[in-house]
Structure formats: C-alpha cells, structure tokens
Amino acid sequence: MGKPRTAVGRCLRTHEELKSTFPDARCELDFESPFQLLVATILSAQATDKSVNKATPKLFKIYDTPERLAVAEIPEIEKLIKSIGLFRSKAKNLKGMARKLIVDFDSQVPNGMDDLVSLPGVGRKTANVVRSVALGLPGLPVDTHVTRIVQRMGITGESDPVKIERVVGEMLPSDAQGEFSLRVILHGRQVCFARNPNCTECILNYFCPNAFKV
DNA sequence: ATCCCGAGGG
DNA sequence: CCCTCTGGAT
C-alpha cells in the first residue's frame with residue numbers, strides 16, 4: 001500500500017492503522033447508564049479515568065438519579081469527589097446539571113448537542129463522549145490529543161476544536177467517529193506525545209508529514 | 001516540577 | 001484570549 005495523499009485518505013488510514021494497535025479501544029470510564037456516563041465524563045475533566053472510577057461507585061450508590069443529585073448538599077458531593085480534583089466546580093456543576101435535566105429534559109439525558117452543551121459542566125468534548133459512547137450516536141470528542149494529532153498527520157490545519165469536530169467528522173463514517181477519537185487519544189498518550197513524540201515506534205510514521213520533525 | 005481524555009468566567 | 005480550578009501520577 002502506498003501513502004495516502006489526501007486529507008481524507010490520511011484520516012482513514014490513520015484510523016485503519018490504529019485499529020490494529022488498539023483493536024478494542026473503549027471508553028474506560030465505569031458506568032451503567034447514560035446518566036452515570038454523563039456524571040463520570042463531567043468528573044473526568046483534567047483527571048484520569050482511574051481516579052474517576054475510584055470515586056464513582058460511592059457517588060452512584062447515593063446519587064443514582066437526577067432527582068437525588070438535584071437535592072444533594074454541595075459539601076456532600078464535594079466530599080465524595082474530592083480525590084478527583086477540581087472538586088468545587090465539579091460538585092456545583094453536577095448538582096446544576098441534575099436540576100436542569102429534571103426541569104428542561106424530563107430527567108432524561110438529552111440526545112442533541114445543543115441540549116447537552118446547555119448543561120452545566122458539559123462542553124462539546126463531554127457531549128460527544130456521551131453521544132458516541134452511551135447513546136450510540138455520531139460524536140467526535142476532540143481533546144488536546146485529537147487536536148494535536150490531526151494537525152501533525154495533515155488531516156486538517158484547523159486548530160479550533162469545533163471546526164476539527166466538523167471537518168474530521170465529515171471524513172469518517174458516522175459510526176466510526178467515537179472509536180477514532182478513542183484510538184487517537186490512546187496513540188497520543190502512548191506514542192505521539194505533545195513533546196518529543198516517539199516517531200521511531202510510531203505505526204503512522206511512513207505517511208506522517210511531521211514524522212521526526214517535531 | 002509538570003502534566004492530565006475540560007469547562008466556565010473575566 | 002487568558003486565567004482559574006484541583007489532586008494524583010510521574
């Protein structure tokens with residue numbers, strides 16, 4: 001196989017190659033419902049999945065529904081999520097999110113991007129995780145890794161995450177967007193570091209425009 | 001010391 | 001656009 005020569009080609013080839021490295025890439029947050037994944041994803045900002053998974057069992061034991069969470073005492077939530085970090089804003093957001101779910105969305109996690117993003121603590125990255133992982137809908141979570149790697153791979157020159165989401169999303173089958181994101185993130189964490197990427201060990205180096213240059 | 005699979009606010 | 005929020009891993 002030759003090198004892909006277009007942006008779309010590089011995007012699809014990137015995903016194909018990463019499939020062999022990460023065959024069963026999956027969301028590593030523990031959850032049993034869309035509501036739980038929404039909570040876990042809000043908590044995962046600037047934190048590891050492991051630390052979130054350590055805290056959520058107790059949290060879900062007490063606050064297992066929007067109704068319970070909506071009337072929780074903020075300090076009680078803070079106590080349960082303290083080890084995750086950013087606990088004050090996250091506790092406030094969780095309670096506000098639950099209240100809005102009840103008031104505006106009949107206690108159900110909404111499907112639409114605009115609705116999801118209207119919830120406290122939910123940005124596009126979180127909304128796309130919920131859509132692609134819990135709801136089985138198209139969704140391309142764009143984080144710092146995805147942003148860096150699509151740029152390095154010459155998939156798009158865009159730096160605005162919202163534009164990346166749209167442009168790269170259009171290059172992929174809608175049911176592959178979530179997996180693409182998951183795999184690219186793993187690649188970013190294990191090989192294509194922000195500084196000193198390990199190009200020698202990179203499975204994509206044969207067509208990466210920036211291999212051995214960064 | 002520095003970095004995380006972000007989001008809100010100024 | 002830049003700052004802040006936070007603990008834990010490395």
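No hydrogens, no waters, no symmetry mates; every other heavy atom, side chains included, goes into these values. Here is the naming used below: chain letters follow the sequence lines, and residue numbers restart at 1 for every chain.
Classification of A/E165 and A/R124 as a salt-bridged pair holds, one side-chain N sitting under 4.0 Å from a carboxylate O.
Taking every side-chain heavy atom of A/F87 into account, C/dG7 is the closest of B/dA7, C/dG7, B/dC4. Distance from the side chain of A/L86 is smallest for C/dC5 among the nucleotides C/dC5, B/dC3, B/dC4. Side chain of A/S83, nearest nucleotide from C/dT6, C/dG8, B/dC4: C/dG8. Distances from the side chain of A/D143 to the nucleotides B/dC5, B/dT2, C/dT6 place B/dC5 closest.
Atom CZ in A/R88 sits roughly 17 Å away from atom C1' in B/dA7 (whole-Å rounding). One interatomic measurement links the two molecules: CD of A/Q190 to P of C/dT10, which rounds to 13 Å at whole-angstrom precision. Rounded to a whole Å, the CG atom of A/L140 is 15 Å from the P atom of B/dG6. For A/K54 and C/dG8, the NZ to C1' distance is 8 Å, given to the nearest whole Å. With rounding to whole Å, A/K90 atom NZ is found 13 Å from B/dG8 atom C1'. Straight-line distance from the CG atom of A/L43 to the C1' atom of C/dT6: 13 Å, rounded to whole Å. For the pair A/I84 CD1 and B/dG6 C1', the computed distance is 14 Å after rounding to whole Å. Across the protein-nucleic acid pair, A/D49 atom CG and C/dA9 atom P stand 14 Å apart, rounded to whole Å.
Residues A/F31 and A/V133 are in side-chain contact: their nearest non-hydrogen atoms beyond the backbone lie under 4.5 Å apart.
Residue contacts for A/P120: at a heavy-atom cut-off of 4.0 Å it reaches the sugar-phosphate backbone alone, with no base atom in range. Residue contacts for A/S89: at a heavy-atom cut-off of 4.0 Å it reaches the sugar-phosphate backbone alone, with no base atom in range. Using a 4.0 Å heavy-atom cutoff across all strands shown, A/V146 reaches no nucleic acid atom at all. Residue A/T41 is classed as having no contact, given no heavy-atom separation below 4.0 Å to the nucleic acid. A/K50 comes within 4.0 angstrom of no nucleic acid atom, judged by non-hydrogen atoms across all strands.
C/dT4 sits 16 Å from B/dC4 when the C1' atoms are compared, rounded to a whole Å. As rounded to the nearest Å, C/dC1 and B/dC5 have C1' atoms that lie 23 Å from one another. With both ends at atom P, the span from B/dG10 to C/dT6 equals 15 Å, rounded to whole Å. A gap of 22 Å separates the C1' atoms of C/dA9 and B/dA7, to the nearest Å. Spacing between B/dG8 and C/dG8 at atom P, rounded to whole Å, works out to 24 Å.
In this model, the phosphate group of B/dC5 is approached by a side-chain N or O of A/R189 to a distance below 4.0 Å at OP1 or OP2. Applying the 4.0 Å criterion to OP1 and OP2 of B/dA7, one finds that A/T126 has a side-chain N or O inside that range. Applying the 4.0 Å criterion to OP1 and OP2 of C/dT6, one finds that A/Q46 has every side-chain N and O outside that range.
Residues A/L186 and A/L172 share a hydrophobic cluster, clusters being chains of Ile/Leu/Val/Met/Phe/Trp/Tyr side chains in contact below 4.5 Å.
Taking the ring centre of A/F87 as origin, the terminal cationic atom of A/K82 falls inside the region bounded by 6.0 Å and 45° from the ring axis.
Residue A/K19 places its NZ atom among more than 12 non-hydrogen atoms of other residues, nucleotides or ligands, all under 6.0 Å distant.
Where A/E28 and A/G121 meet DNA chain B, the nucleotide closest to each residue was compared, and A/E28 sits on the side nearer the 5' end.
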Exercise. Could you walk me through whether A/Y206 and A/E17 pass the side chain to side chain donor-acceptor pair (under 3.5 Å) check?
Worked result: CA-CA 11 Å; A/Y206 72 95; A/E17 296 287 10; 2.6 Å; yes
